[in-house]
Each structure stands twice: as C-alpha cells, then as structure tokens.
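Heads up, the thing below is written out as structure tokens.
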Amino acid sequence: KHGAPEDFLVELKPTAEETALVKAKNKEQLELKSVTLKNCGDNMIMYFRSCLDSNQLGELCMGIQATTGFRMIEMASRGSLEPPKLNHTTDDVYWAQVKGICKKKNSFTGHHRPLLHCREIIQAALDKLRKHHFPHLQENADNVYVSRKCCKKINRAIARSWPFPEIKRVTSHFFRSFYVT
C-alpha cells in the first residue's frame, strides 16, 4: 500500500525495494500537495488574467470564470458587469455591479462584486465569448437550454486547455472557489 506512514511500514517489515517505492510515492504526494492556491495563487491569477486576451474557448472561459466567479450559464448568456453604484476604498475598475445571476430569478437587481482584473477587460472578454463562440444565445435564453447546449462544450474546451496537470478536477465550482479564495 503506497503512501503509508513510515512507522507503520516498520511493523510490516517490507523489503528494501518496497520501502524505497513507498518513500518515492510519499515524496510525489508531498510535491503534489505543495501546489496549492496558497503557494501558487498569484501565478494562477496572472495566468487567468492573460487568458482573457485569448480567442480559444477554453482559455477565455477559464479567464472569465476565475476573475469574476460567474457560473457557466451566466458567462455564456446573461451575466453583465456594470460600473459600481457605490464608492469603494480600492480602485473602482476592480469592482462591478453584477447582473444576470441565474440563481436569483428575475427579481434580483444585482450586487457589487470585486473582480480580479479590470471590469472593461473582463466585459470585453465576455462580449468576445458571446460573439464568437455562442452567437445563437439570446438574453432571455432558458437556463436548461443553455446548460444542455453549452456546458459540455465549455467543459471539454477547458479540459483541453488546462495547463496545470497536478490539479485534476477542474469544474465551474473549482473556478468559483478559486475566485472566492
């Protein structure tokens, strides 16, 4: 059994080759654990910010989701970033009045949200995404329709573009938790 603690292994009396194999596996696990948002978060933010300039669907979606925290449906069809109505202590270009949130229904007027890049650049990336990759979607598109037609396409594109092999499970929830963290 690879990955067992060494004091447990002593009781099993493994051969020298088995011990070396377990130690190598433990070292590999430690190296994978060292790639975390705490250690690499700034580098990942810089990478996701650079993805906003891309024309590839996967990179564009990664950049938008990681810098805004949008769900796929919001990103593909209805989410929008407007100038904030309130004054903030940080630069206003990194804040937005967010509208088009799909879980709040039509009565939701929006809320203020900090962004991980300039609002105008993210909005330009949203416009590019909708114009080039999802031109058939309307502003009042049904969530179920958008989910069925677009989510698989977006997930496949992200999987093809994903540059960090040490992070295996990449979903829209990963990008939302990355944004929040």
Side-chain angles (χ1 to χ4, degrees), residues 28-29 31-82 93-105 108 110-181:
E28 182 182 313
Q29 290 295 331
E31 288 171 359
L32 287 178
K33 287 180 183 175
S34 68
V35 179
T36 62
L37 294 181
K38 186 176 181 182
N39 299 357
C40 303
D42 289 343
N43 292 336
M44 290 177 78
I45 288 172
M46 295 307 292
Y47 172 74
F48 291 135
R49 288 174 75 164
S50 70
C51 287
L52 294 171
D53 297 329
S54 177
N55 288 324
Q56 292 182 354
L57 176 61
E59 290 179 357
L60 201 53
C61 290
M62 285 190 293
I64 293 169
Q65 284 182 309
T67 56
T68 63
F70 274 165
R71 294 174 181 87
M72 286 188 210
I73 295 166
E74 297 162 354
M75 179 181 62
S77 67
R78 60 174 54 92
S80 67
L81 305 172
E82 298 175 3
V93 299
Y94 293 102
W95 283 87
Q97 174 77 12
V98 180
K99 295 187 176 184
I101 304 301
C102 65
K103 293 250 176 165
K104 299 288 184 180
K105 307 294 181 216
F108 186 63
H111 67 278
H112 281 220
R113 181 182 287 188
L115 306 172
L116 297 179
H117 206 358
C118 298
R119 180 181 55 254
E120 290 80 16
I121 293 173
I122 298 172
Q123 187 61 49
L126 277 169
D127 295 340
K128 183 177 11 173
L129 174 77
R130 292 171 183 157
K131 181 180 178 185
H132 296 294
H133 298 286
F134 300 108
H136 60 287
L137 295 179
Q138 300 298 317
E139 185 67 28
N140 59 0
D142 180 29
N143 286 352
V144 175
Y145 171 79
V146 174
S147 293
R148 288 183 185 153
K149 296 291 181 181
C150 301
C151 288
K152 284 185 180 180
K153 180 179 177 181
I154 291 171
N155 282 331
R156 283 190 209 115
I158 289 172
R160 283 192 300 271
S161 301
W162 186 245
F164 305 106
E166 55 277 352
I167 301 173
K168 304 267 188 257
R169 187 166 168 76
V170 183
T171 63
S172 63
H173 290 289
F174 167 80
F175 291 108
R176 288 173 64 76
S177 66
F178 175 84
Y179 164 79
V180 170
T181 302

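For the numbers below, each heavy atom of this structure counts, side chains included, while hydrogens, waters and symmetry mates do not.
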**Prompt:** When you look at Phe48 and Gln65, which way does the side-chain contact (heavy atoms from CB on, under 4.5 Å) test go after all the steps?
**Reply:** CA-CA 9 Å; Phe48 291 135; Gln65 284 182 309; over 6 Å; no
Has the side chain of [X] got a donor or acceptor atom that lies under 3.5 Å from a matching backbone atom of [Y]?
| X | Y | answer |
| --- | --- | --- |
| Lys131 | Leu126 | no |
| Arg113 | Thr68 | yes |
| Ser177 | Phe174 | yes |
| His133 | Gln56 | no |
| Ser50 | Tyr47 | yes |

Can you name the nearest heavy-atom pair linking [X] to [Y], along with the distance?
| X | Y | answer |
| --- | --- | --- |
| Gly79 | Arg130 | O-NH2, 2.5 Å |
| Ala66 | Tyr179 | O-CB, 3.5 Å |
| Lys128 | Asp53 | NZ-O, 3.3 Å |
| Ser161 | Gly58 | OG-CA, 3.7 Å |
| Ile154 | Cys61 | CG2-SG, 3.8 Å |
| Asn155 | Met72 | OD1-CE, 2.8 Å |

**Asked** Listed by chain and number, what are the side-chain contact (heavy atoms from CB on, under 4.5 Å) partners of Ala96, not counting sequence neighbours?
**Response** Leu81, Val98, Leu115, Arg119
**Prompt:** What's the verdict on side-chain contact (heavy atoms from CB on, under 4.5 Å) for Phe178 and Thr67, showing C-alpha distance, side-chain angles and the deciding distance?
**Reply:** CA-CA 9 Å; Phe178 175 84; Thr67 56; over 6 Å; no
Listed by chain and number, what are the salt bridge (Lys or Arg N to Asp or Glu O under 4.0 Å) partners of [X], not counting sequence neighbours?
| X | answer |
| --- | --- |
| Glu120 | none |
| Arg49 | none |
| Glu59 | none |

**Prompt:** Stepwise, does the side-chain contact (heavy atoms from CB on, under 4.5 Å) test hold for Phe175 with Val170?
**Reply:** CA-CA 8 Å; Phe175 291 108; Val170 183; 3.6 Å; yes
**Prompt:** Around atom NE2 of His112, are there more than 12 heavy atoms of other residues, nucleotides or ligands at under 6.0 Å?
**Reply:**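 Check passes, neighbour count above 12.
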Separation between [atom1] of [X] and [atom2] of [Y], rounded to the nearest 0.5 Å:
| X | Y | atom1 | atom2 | value |
| --- | --- | --- | --- | --- |
| Ser172 | Ile158 | OG | CD1 | 8.0 Å |
| Ile122 | Asp127 | CD1 | CG | 12.0 Å |
| Lys99 | Ser80 | NZ | OG | 6.5 Å |
| Leu52 | Leu129 | CG | CG | 10.5 Å |
| His173 | Arg71 | NE2 | CZ | 8.0 Å |
| Leu60 | Met75 | CG | CE | 8.0 Å |

**Item:** Sequence neighbours excluded, every pair satisfying salt bridge (Lys or Arg N to Asp or Glu O under 4.0 Å) that has a member inside residues 171-181
**Value:** none
**Complete:** So ring-ring contact (aromatic ring centres under 6.0 Å, His included) across residues 58-78, not counting sequence neighbours, yields none
